[in-house]
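Take a look at the structure below.
Naming convention: chains lettered A, B, ... in sequence-line order (proteins, then strands); numbering from 1 in each chain.
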Amino acid sequence: MPNYWLMKSEPGVFSIDDLANCPNQTEHWDGVRNYQARNMMRDQMRKGDLVFFYHSSCKKTGIAGIAKVVKEAYPDHTALDSDSDYFDPKSTVDNPRWFMVDIQFVEKFTHLVSLQRLKENPLLKDLPLVQRGSRLSIMPVAEKQWHEISSMVTKL
DNA sequence: GCCAACGTTGGC
DNA sequence: GCCAACGTTGGC
């Protein structure tokens, strides 16, 4: 049984289309600089887990599609690169502070499942995404929530 | 662009 | 260990 997750990305920086256009439709998920998100990625994300790809900070916020974890956590090299926006002087090769996983494109929804619809669904009230003040960029999705959201995807 | 809410830092 | 100040996230 896979675990289920939701990961946020700003489509202006990296969208689900960008993922679909990557070599092997696979990309490493760098730049996570939050301990809670890091811990979940490092300690709980397993190869084969499924991920809702969420578009944040844009005109149409919501879940844009699905990806899957194809490589488990390994050190985030952008933390060691002083030219990177994600550089962290406290991270070292011997003692990496930040990690990333690789995810692969699975599916893009014809219509994204909007944040508004997620908020309106009472069965999803415990999803961290819709809770007030939640800023987690990576969060677990319960199996029931995963199936509920899947049922909200419009098929044309 | 605003701002509420949250996370992190650092002085004490 | 407390907590004020600051930085960031992200919806609107």
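A donor atom on one side chain and an acceptor atom on the other are not found under 3.5 Å apart for A:Q145 and A:D126. Between A:D102 and A:Y74, the side chains place a donor N or O and an acceptor N or O closer than 3.5 Å (distance only, hydrogens not considered).
A salt bridge links A:D76 with A:R33: at least one charged nitrogen is closer than 4.0 Å to a carboxylate oxygen.
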Throw together a table of side-chain donor-acceptor distances under 3.5 angstrom for residues 15-23 of chain A, partners on residues two or more places apart or in other chains.
unit_1 : atom_1 : unit_2 : atom_2 : d
A:S15  : OG     : A:D17  : N      : 3.2
A:S15  : OG     : A:D18  : N      : 3.1
A:S15  : OG     : A:D18  : OD2    : 3.3
A:D17  : OD1    : A:K108 : NZ     : 3.0
A:D17  : OD2    : A:K108 : NZ     : 3.3
A:D18  : OD2    : A:S15  : N      : 2.8
A:N21  : ND2    : A:D17  : O      : 3.1

Next item on the list: If a protein heavy atom is under 4.0 Å from the base, mark B; if only from the sugar-phosphate, S; if neither, -; do that for nucleotides 6-12 of chain C going 5' to 3'.
Entry: -BBBBSS
Next item on the list: Could you please spell out the steps behind the side chain to side chain contact (heavy atoms under 4.5 Å, CB included) verdict for A:I66 and A:F52?
Entry: CA-CA 5 Å; A:I66 295 175; A:F52 279 136; 4.0 Å; yes
